[in-house]
Amino acid sequence: IEDVKVTGTRPDSQGRMGMGLASLDGASIHASRILLDGNHSAGALIANNFRAIDGRETAESRAILSDITVTGTRNSIGVDDIEFGDGIAVVNGAAVQMERFDIHDNARVGLLVGGNADFRQSSAFFKDGNVTGHVIGVSVASGWMDLDRDFDNVSSFDNQVNLSSSEISL
């Protein structure tokens with residue numbers, strides 16, 4: 001996917017979801033020069049086991065994103081009635097590579113990485129990005145992640161909390 005603008009997606013009639021871009025349950029996305037603006041729940045969601053049936057594991061979701069801007073993501077109700085409003089969420093073992101990104105002014109978390117994610121067996125890497133204007137800039141909810149290894153020239157600033165490694169609701 002190249003040169004795409006996704007704006008103003010809406011949640012369903014119950015106030016749920018409304019993502020701008022999603023790679024779920026084994027899907028793969030390779031996208032560049034993307035603007036995600038004014039969507040709901042998550043500007044981009046990369047997740048495994050999002051629609052798992054009877055506890056069965058799904059295939060690994062992957063995303064390679066470059067030259068991406070995510071802004072203005074609004075709150076909506078997500079999984080388990082938790083209110084989201086995140087720029088980019090990578091959860092439940094999904095894999096991502098991101099280069100040249102600007103994540104700013106989303107309702108909750110700018111970049112959320114966690115929920116049993118295990119990038120040691122896949123290639124996770126965040127390079128050349130800014131994360132600004134959130135309640136939490138970068139939230140790493142998985143203890144295995146190495147910020148020196150997995151983040152290269154990524155700045156999180158002007159957020160209420162710039163970096164959180166504590167568990168937050170996923």
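Values in this document were obtained by computation on a predicted structure and should not be read as measured data.
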Exercise. Just by distance, do the side chain of S41 and the backbone of M17 share a donor-acceptor pair under 3.5 Å?
Worked result: no
Counting only pairs under 3.5 Å, give me each side-chain donor-acceptor contact of residues 26-36, with atom names and distances, residues two or more places apart or in other chains.
| residue | atom | partner | partner atom | Å |
| --- | --- | --- | --- | --- |
| R33 | NE | D3 | OD1 | 2.6 |
| R33 | NH2 | E2 | OE1 | 3.3 |
| R33 | NH2 | D3 | OD2 | 3.1 |

Problem set entry | Heavy-atom pair with the smallest gap, counting every atom of D86 and R108 | OD1-NE, 2.9 Å
Exercise. Do any N or O atoms from the side chain of N159 and from the backbone of G133 form a donor-acceptor pair under 3.5 angstrom?
Worked result: yes
Problem set entry | Interatomic spacing from CD1 in I68 to CD in E99 - rounded to 0.5 Å | 12.5 Å
Problem set entry | Over all atoms of both residues, closest heavy-atom pair of L45 and A42 | CB-CB, 4.2 Å
For this session: Measure the spacing between OG of S164 and CG of N162 and express it to the nearest 0.5 Å.
Result: 11.0 Å
For this session: Specify the closest pair of heavy atoms between A107 and N75, including all atoms of both residues, with the distance to one decimal.
Result: CB-OD1, 3.1 Å
For this session: Please test T7 against D37 for side-chain hydrogen bond (donor to acceptor under 3.5 Å, both in side chains), starting from the C-alpha separation and ending with a verdict.
Result: CA-CA 5 Å; T7 63; D37 185 9; over 6 Å; no
Exercise. Quick one: do the T73 and N39 side chains pair a donor with an acceptor below 3.5 Å?
Worked result: no
Problem set entry | I88 side chain near V96 side chain, heavy-atom distance below 4.5 Å | no
Exercise. For the hydrophobic clusters of this structure (ILVMFWY residues joined by side-chain heavy atoms under 4.5 Å, transitively), does one cluster hold both L111 and L163?
Worked result: yes
For this session: Take the angle between the ring planes of F126 and F151 and call it parallel below 30°, perpendicular above 60°, tilted in between.
Result: parallel
Exercise. Could you walk me through whether L21 and V4 pass the side-chain contact (heavy atoms from CB on, under 4.5 Å) check?
Worked result: CA-CA 11 Å; L21 181 69; V4 173; over 6 Å; no
Exercise. Applying the 4.5 Å side-chain criterion to the ILVMFWY set and letting contacts propagate, would I64 and I1 be lumped into a single cluster?
Worked result: no
For this session: Check for a donor-acceptor pair, side chain of D152 on one end and backbone N or O of K127 on the other, with a separation under 3.5 Å.
Result: no
Exercise. Can you find a pair of side-chain heavy atoms, one from Q160 and one from V135, that are under 4.5 Å apart?
Worked result: yes
Exercise. Heavy atoms, side chains only, cut-off 4.5 Å: are T69 and H104 in contact?
Worked result: yes
For this session: Kindly compute the distance separating OG (S61) from CG (N48), expressed to the nearest 0.5 Å.
Result: 4.0 Å
Exercise. Any salt bridge between D67 and R100, counting N to O under 4.0 Å?
Worked result: yes
Problem set entry | Non-hydrogen atoms of S23 and R62 that approach each other most closely | OG-O, 3.2 Å
For this session: Evaluate the side-chain proximity of M98 to I46: yes if any heavy-atom separation is below 4.5 Å, no if none is.
Result: no
Seminar exercise, completed: Note: S139 and I136 closest approach over all heavy atoms is CB-CG2, 4.0 Å
